[in-house]
Trainee: 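Here it is, the structure in full.
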Amino acid sequence: MLQLQTIRENKERIITALKKRNIDAEPILSAILDLDEKRRSIQTELDGTLAESNKLSKEIGMLFKSGKAKEANTLKAQTAGLKDASKQLGEELNATAEALQEQLYQVPNIPHESVPTGSTDEDNEEIFREGEIPSLSDGALPHWELAKKYDIIDFELGVKVTGAGFPVYKGKGARLQRALISYFLDKNTEAGYTEVQPPLMVNEASGYGTGQLPDKEGQMYHVQADDLYLIPTAEVPITNLHRGDMVSLKDLPIKYTGYTPCFRREAGSYGAHVRGLNRLHQFDKVEVVRIEHPDNSYQALDTMVEHVKNILRELKLPYRVLRLCGGDLGFTAALTFDFEVFSTAQDRWLEISSVSNFETFQANRLKLRFKDENGKSQLAHTLNGSALALPRVLAGIMENYQTPNGIRIPEVLVPYCGFKVIE
RNA sequence: GGAGGAAUGGCAGAGUGGUCGAAUGCGGCAGUCUUGAAAACUGUUGAGGGUCACACCUCCGGGGGUUCGAAUCCCUCUUCCUCCGCCA
């Protein structure tokens, strides 16, 4: 959520910036500023009314104390009108403030100046590419075929137990997945992130805090009986650990990593691109979250990008890094880098990580602040990234490491797996 | 699930109807002292709205009510603690 003050002072600049998202923000920003002005004028009027009745109350109190009950009762009669007026003004104020809030929730984050223009993922800007794309033999298979051949992932079983998009990992497949989780967590804790195991369900306030609500209500599983949401990413519970906090300067940066299953309804997805592990309703992910001083957040973003690069380098997977264009940028992000692994057998790139700076957009909703060098409280910057999303990494390993005699295990994972090949 | 108790500023913790936005301690900040640091001492220090700046308004878990006036009384919700029951 943008700060009102920012909108008041930079309306034109925001409109220009949001054009990168291919939206014309003029109408909504004008509506917001109108509501803001209306809210303030009601507030001023209400303040005056309250000031007057406060004053009268004090006088009445003093009159009672000095035994002048009769005069006090005369003043009492005067307060009735003020009470009605302030009650009505209070209701108006609430209605206006609520309408204003609703509008503010509709405005996405301002894209960073480096965000390229564009409307779809085809307009994303490739900024880095590394790793050799292996030349596979003629019989190379996509991962869902490999999964069946070696009996390590069973999609049909998941359909029976739950439904499509809930695979069952078996044997060495399950072990490889567990190995990847441990390996990622180890890499992240080595880099100074504190490991946490957060709840897998969150309340409504948390959903609003990180921006999943109200914008992406339909993407989350909602447990209606208890009004809780299954998390679509560990970003939600982990960032919300500090909702409402006033952190001290010396605690920054705050760095967390956590492994969680993630649940997404993925309403509207279909077709070949959702085959196998490409798009699931439940998947595992290891996430990193940072809370930063605004002066350091972009440096921190670069650090996170380098960190993920380093992991992919160790796994010896061919990958590229994209700077998301305005049209593809998430609602809450100011700047996002996507990582994609090349899936040789499918001949396409698979997104395996997304690293973003949200600047104050989430912090403003979270009321996550710190005391700065001058003792003034200001909003912190929040960032997060996947390090990494499991299924597609698994798919990338299966497809790129396949041989006619089995799937080799990347060297760094062998100690975690306890075997060198799936055959 | 049953019975009680509690929720106050960054933290701890007073405050039970009228200068209480709130004592005190810790922490933070500034200063004195010191070669420097620590200790000690002195001062200062909640958040939000509003204003050019004041004034002024709001906030003592959330919401509602009583009253001229509520941190303080009533209702309700949430959370936490203690005891009992049940259970991984």
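Every value quoted in this text rests on a predicted model; they were computed, and no experiment measured them.
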Trainee: Strictly under 6.0 Å, is that where the ring centroids of Y298(A) and H381(A) end up?
Mentor: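 Aromatic pair excluded; centres sit 6.0 Å or further apart.
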
Trainee: Identify whether NZ of Lys or CZ of Arg in K309(A) sits under 6.0 Å from the centre of the six-membered ring of Y319(A) and within 45° of that ring's axis.
Mentor: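 Ring-cation test returns no.
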
Trainee: For the side chain to side chain contact (heavy atoms under 4.5 Å, CB included) test, which of I153(A), I152(A), L157(A) pairs with V168(A)?
Mentor: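 Running side chain to side chain contact (heavy atoms under 4.5 Å, CB included) over I153(A), I152(A), L157(A) with V168(A) returns exactly one hit, L157(A).
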
Trainee: Under a 4.5 Å cut-off applied to non-hydrogen side-chain atoms, are V247(A) and R369(A) in contact?
Mentor: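 No. Closest side-chain heavy atoms not under 4.5 Å.
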
Trainee: Strictly under 4.0 angstrom, non-hydrogen atoms only: write out the protein contact profile of nucleotides 50-63 of chain B, one letter per nucleotide from the 5' end, B, S or -.
Mentor: S-----SSS-----

Trainee: Nearest nucleotide by nearest heavy atom, which residue falls closer to the 5' end of RNA chain B, M246(A) or R369(A)?
Mentor: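 Result of the comparison: M246(A).
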
Trainee: Could you list all N or O pairs between the protein and nucleotides 17-20 of chain B that sit under 3.5 Å apart?
Mentor:
residue: rG18(B); atom: N2; partner: S57(A); partner atom: O; Å: 2.8

Trainee: Can you list everything that forms a side chain to side chain contact (heavy atoms under 4.5 Å, CB included) with P261(A)? Sequence neighbours excluded, please.
Mentor: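 For P261(A), the residues satisfying side chain to side chain contact (heavy atoms under 4.5 Å, CB included) (neighbours in sequence not counted) are L200(A), Y259(A), F263(A), Q282(A), D284(A).
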
Trainee: Using side chain to side chain contact (heavy atoms under 4.5 Å, CB included) as the criterion, list what pairs up with D121(A), not counting sequence neighbours.
Mentor: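 So D121(A) forms a side chain to side chain contact (heavy atoms under 4.5 Å, CB included) with N124(A), D328(A).
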
Trainee: Cation-pi check, K172(A) to Y150(A): give yes when NZ or CZ is under 6.0 Å from the six-membered ring centre and within 45° of the ring axis, no otherwise.
Mentor: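 Judged by the rule, K172(A) and Y150(A) form no cation-pi pair.
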
Trainee: Taking salt bridge (charged side-chain N to carboxylate O under 4.0 Å, His left out) as the definition, give me every residue that meets it alongside R175(A), ordered by chain and number, with sequence neighbours left out.
Mentor: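 Salt bridge (charged side-chain N to carboxylate O under 4.0 Å, His left out) list for R175(A), sorted by chain: empty.
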
Trainee: rA47(B), OP1 or OP2 - any side-chain N/O from K367(A) closer than 4.0 Å?
Mentor: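 The answer is no; no side-chain N or O of K367(A) sits under 4.0 Å from OP1 or OP2.
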
Trainee: Taking Watson-Crick and G-U wobble pairs with both distances under 3.5 Å, convert RNA chain B into its dot-bracket string, 5' to 3', dots for unpaired and | for cross-strand pairs.
Mentor: ((((((((.[[[..)..(.....]]]((((((.......))))))((((......)))).[[[[[..)....]]]]])))))))....

